[in-house]
Amino acid sequence: MPELPEVETIVRGLRQGSDEVPPLPGYHIRGVEVGWPRHIAEPSPKALKRRIKGQRIVGVRRRGKYLVFPLDKDTLMIHLKMSGDLSMAPASAERGPYDHTVFVLDEGWELRFSDARKFGKVFLVEDPQTVLQKLGPEPLDDSFTPEVLADCMRGRSRAIKPLLLEQSFVAGIGNIYADEALHRAGIHPLTPTDQLDSAEIQSLHRGIQEALQQGIERNGASIDWVYRGGDFQNHFRVYGREGEPCPVCKTPIKKIVVSQRGTHFCPRCQPEGESK
DNA sequence: CACGAGACCTGTTCGC
DNA sequence: TGCGAACAGGTCTCGT
């Protein structure tokens with residue numbers, strides 16, 4: 001699915017518009033077409049349609065992997081999970097086969113939530129905190145310092161990679177950027193978190209920020225059939241590169257399974273059980 | 001609290 | 001060429 005950089009790319013696109021589509025903020029929502037009721041997490045599809053009608057979209061933000069749309073009265077939030085995508089389109093344009101939820105706007109525009117695997121979720125709530133509360137710090141905020149990361153890690157003994165995937169630990173990191181961050185930091189994915197010294201925590205902090213920032217600069221990654229325009233996939237150092245040379249030391253990249261997720265690393269740059 | 005397995009879904013790719 | 005298995009950017013829930 002889209003991770004933080006992909007969601008950020010979508011948010012910026014909706015906020016700014018393009019040659020083809022206008023910016024989203026300012027439009028009113030005239031109605032919602034729900035083609036897959038389970039897309040709607042909260043409230044019921046019926047209540048969503050009733051409550052959202054007529055509300056104006058005030059802005060477009062991101063928190064972790066959630067897209068957040070403050071409205072007049074409520075807040076609309078969307079999580080794209082594995083295969084979701086959001087786009088502005090003229091109502092006259094043919095719908096795609098996976099456009100399961102469509103927000104009908106003014107002036108003949110639509111906001112379309114396409115989602116082949118149907119894991120995505122739509123929330124309409126009064127208080128966004130009820131959904132976002134559980135998230136850890138935003139890794140690209142100024143307030144996310146190495147000390148904050150160290151605090152989050154304190155008392156945790158589990159392997160670092162599955163911890164990075166936990167959204168209550170740090171928000172927005174997914175499977176790709178976890179592997180990319182750990183490679184930049186020179187840390188083996190199975191390293192017990194409490195074995196990392198402060199220099200390694202610094203490296204990890206830098207690795208996380210660099211991987212995410214570079215992802216955003218490249219407009220995210222486009223892999224499989226979910227193409228969003230980004231090309232960070234051509235700059236992966238380890239993800240999806242099993243057997244290929246590490247860009248730093250040329251050692252073949254290894255792939256293992258950690259917490260049921262494919263995990264890629266360089267055995268030389270990220271030695272196991274290394275203690276510095 | 002940590003961890004694994006299973007669930008939720010569909011499309012693509014891999015191996016025989 | 002064809003077919004089933006494995007796998008995919010996420011997260012929740014349940015059991016040990």
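From a predicted model like this one, the values you see are computed outputs, not experimental measurements. So that the names make sense, note that chain A is the first sequence line, chain B the second, and so on, each numbered from 1.
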Of the listed nucleotides ([options]), which one gets closest to any side-chain atom of [X]?
X	options	answer
A:M82	C:dG10, B:dC8, C:dC7	C:dG10
A:Y239	B:dC9, B:dC3, C:dA8	C:dA8
A:S259	B:dA2, C:dA8, B:dG4	B:dG4
A:A116	B:dG11, C:dT11, C:dA8	B:dG11
A:Q167	B:dT10, B:dC3, C:dT11	C:dT11
A:Y98	B:dG11, C:dA8, C:dC12	B:dG11
A:K118	C:dC12, C:dT11, B:dC9	B:dC9

Check: Does the side chain of A:R261 get closer than 4.0 angstrom to OP1 or OP2 of C:dG10 through an N or O atom?
Finding: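 Yes.
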Margin query: Using OP1 and OP2 only, check whether a side-chain N or O of A:H79 sits under 4.0 Å from C:dT11.
Written below: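 Looking at the OP1 and OP2 atoms of C:dT11, one of them is under 4.0 Å from a side-chain N or O of A:H79.
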Note to self: Can you tell me how the ring of A:F236 sits relative to the ring of A:F232, calling it parallel under 30°, perpendicular over 60° and tilted otherwise?
What the structure shows: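 Because their plane-to-plane angle is over 60°, the rings of A:F236 and A:F232 count as perpendicular.
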Check: If we call it a pair only when both distances are under 3.5 Å in a Watson-Crick or G-U wobble match, what pairs with B:dC9?
Finding: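 Per the H-bond distance test, none.
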Item checked: Residue met sooner reading DNA chain B from 5', once A:S157 and A:W36 are mapped to nucleotides -> A:S157
Margin query: On DNA chain B, does the nearest nucleotide to A:E166 precede the nearest nucleotide to A:Q260 from the 5' side, or the other way round? Give the residue.
Written below: A:E166
Check: Charged N to carboxylate O below 4.0 Å: is that the case for A:D115 and A:K118?
Finding: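 No, A:D115 and A:K118 are not salt-bridged.
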Note to self: Show the nearest heavy-atom pair for residues A:N175 and A:E3, with the distance to one decimal.
What the structure shows: N-OE2, 3.4 Å
